[in-house]
Amino acid sequence: MTTDAKSVVEEFKQTVNMTARELHSWLQTEESKAVGQKESGHESIGHQSGKHIVELLSKSQADYGEGDLSQMKRVISYVHRHLAQHPSGDIEQTRWRYSLMNWGHDPLK
């Protein structure tokens, strides 16, 4: 694995603070399914990404391919952009937090 790929994997691991089990359980909830951008009633982009993140967290690092690294970069970028939009007040039951959780990051952890 190249140095660049290693740095992507490391940043992904720092950004995604939910375990595969936690994220999988979260994705089953109505709150998870209710947030995010959807096209014609389909599953949201974040929810789809969450499923991919569960797969990534369950894979051996040696098995990561270019598509996996690309998804990791997408996750890192989304989480960092979304964190910058932190709302004021209690965030525990907000769509903002739920959206981040679909991408594997719980801001309350």
Side-chain angles (χ1 to χ4, degrees):
M1 190 177 286
T2 68
T3 303
D4 182 51
K6 286 179 185 176
S7 66
V8 169
V9 171
E10 185 59 35
E11 188 170 359
F12 174 78
K13 288 180 179 182
Q14 291 174 3
T15 302
V16 174
N17 67 358
M18 296 173 74
T19 66
R21 182 180 298 173
E22 288 171 330
L23 182 52
H24 177 75
S25 293
W26 165 251
L27 293 172
Q28 307 309 309
T29 68
E30 289 305 314
E31 292 88 347
S32 170
K33 295 173 186 175
V35 296
Q37 295 179 356
K38 300 175 184 164
E39 296 178 10
S40 305
H42 291 90
E43 180 180 35
S44 74
I45 295 166
H47 202 267
Q48 290 172 8
S49 180
K51 289 179 179 178
H52 195 171
I53 294 166
V54 170
E55 292 174 15
L56 290 172
L57 294 173
S58 302
K59 263 187 179 183
S60 167
Q61 189 169 327
D63 294 332
Y64 291 151
E66 284 304 313
D68 296 328
L69 293 172
S70 177
Q71 177 64 15
M72 288 178 192
K73 289 177 186 177
R74 236 177 114 205
V75 170
I76 294 163
S77 177
Y78 177 85
V79 170
H80 287 286
R81 275 194 326 272
H82 207 62
L83 283 172
Q85 301 168 359
H86 193 293
S88 60
D90 182 12
I91 62 164
E92 186 171 354
Q93 295 181 4
T94 61
R95 295 177 63 81
W96 177 82
R97 176 180 176 230
Y98 296 162
S99 182
L100 276 167
M101 289 174 69
N102 278 354
W103 289 80
H105 182 85
D106 184 348
L108 294 181
K109 281 185 124 183

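Since this is a predicted model, take the numbers as computed values, not measurements.
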Asker: Grab the two heavy atoms, one from His47 and one from Ser44, that are nearest each other, plus how far apart they are.
Answerer: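 Taking every non-hydrogen atom into account, N-OG, 3.1 Å.
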Asker: Any donor-acceptor pair under 3.5 Å linking the side chain of Ser7 with the backbone of Asp4?
Answerer: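 Side chain of Ser7 to backbone of Asp4, a donor-acceptor pair under 3.5 Å: yes, one is there.
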Asker: Can you see which heavy atom on Ile91 is nearest to which on Trp96, and at what distance?
Answerer: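 Smallest heavy-atom distance, with atoms named: CD1-CZ3, 3.5 Å.
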Asker: For Arg95, is there any backbone N or O sitting under 3.5 Å from a side-chain donor or acceptor partner on Ser99?
Answerer: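 No; judged by distance alone, with no hydrogens or angles, the pair does not exist.
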Asker: Could you give me the CA-CA distance, side-chain angles and deciding distance for Lys109 and Glu22, then say whether side chain to side chain contact (heavy atoms under 4.5 Å, CB included) is met?
Answerer: CA-CA 12 Å; Lys109 281 185 124 183; Glu22 288 171 330; 2.7 Å; yes
Asker: Indicate yes or no for a side-chain donor-acceptor contact from Asn102 to the backbone of Ser32 under 3.5 Å, with no hydrogens or angles considered.
Answerer: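 Yes; judged by distance alone, with no hydrogens or angles, the pair exists.
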Asker: Determine yes or no for a side-chain-to-main-chain donor-acceptor pair under 3.5 angstrom, with His105 supplying the side chain and Thr15 the backbone.
Answerer: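 Yes; at least one donor-acceptor contact below 3.5 Å.
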Asker: Mind listing the closest non-hydrogen atom pair of Met72 and Val9 along with its distance?
Answerer: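 Heavy atoms only, the tightest pair is SD-CG2, 3.9 Å.
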Asker: How many angstroms lie between atom CZ of Arg97 and atom NE2 of His86, to the nearest 0.5 angstrom?
Answerer: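 Going from the CZ atom of Arg97 to the NE2 atom of His86 covers 11.0 Å.
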Asker: Nearest 0.5 Å please: distance from the NZ atom of Lys6 over to the CD atom of Glu10.
Answerer: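 Result: 11.5 Å between the selected atoms.
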Asker: Mind checking salt bridge (Lys or Arg N to Asp or Glu O under 4.0 Å) for Lys51 and listing every partner two or more places apart, or none if nothing turns up?
Answerer: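 Scan of Lys51 (salt bridge (Lys or Arg N to Asp or Glu O under 4.0 Å), adjacent residues dropped) gives Glu43.
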Asker: How close do Tyr64 and Leu56 get, heavy atom to heavy atom, and via which atoms?
Answerer: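 Smallest heavy-atom distance, with atoms named: OH-O, 3.2 Å.
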Asker: To the nearest 0.5 angstrom, please state how far the OG1 atom of Thr19 sits from the CG atom of Asp106.
Answerer: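 Going from OG1 on Thr19 over to CG on Asp106, the span is 11.0 Å.
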Asker: For Glu66, look at atom CD and say whether over 12 heavy atoms of other residues, nucleotides or ligands are found less than 6.0 Å away.
Answerer: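 At most 12 heavy atoms, drawn from other residues, nucleotides or ligands, come within 6.0 Å of this atom.
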Asker: Before giving the answer on side chain to side chain contact (heavy atoms under 4.5 Å, CB included), spell out for Arg74 and Ile45 the whole-Å C-alpha distance, their side-chain angles and the decisive distance to 0.1 Å.
Answerer: CA-CA 11 Å; Arg74 236 177 114 205; Ile45 295 166; 3.3 Å; yes
Asker: I'd like to know whether Glu55 forms a side chain to side chain contact (heavy atoms under 4.5 Å, CB included) with Gln71, so could you lay out the CA-CA distance, the side-chain angles of the two residues, the decisive distance to 0.1 Å, and finally the verdict.
Answerer: CA-CA 11 Å; Glu55 292 174 15; Gln71 177 64 15; over 6 Å; no
Asker: Measure across Leu27 and Gly50 and return the closest heavy-atom pair with its distance rounded to 0.1 Å.
Answerer: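 The answer is CD1-C, 3.5 Å.
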Asker: Kindly compute the distance separating CE (Met18) from CG (Leu23), expressed to the nearest 0.5 Å.
Answerer: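 One finds 5.0 Å between CE of Met18 and CG of Leu23.
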Asker: On a heavy-atom basis, which atom in Ile53 and which in Gly104 lie closest, and how many Å separate them?
Answerer: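 Heavy atoms of Ile53 and Gly104 come nearest at CD1-N, 4.2 Å.
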Asker: What pairs meet the ring pair (Phe, Tyr, Trp, His ring centres under 6.0 Å) rule with one or both residues in residues 5-28, with sequence neighbours excluded?
Answerer: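 Matches after skipping sequence neighbours: Trp26-Tyr98.
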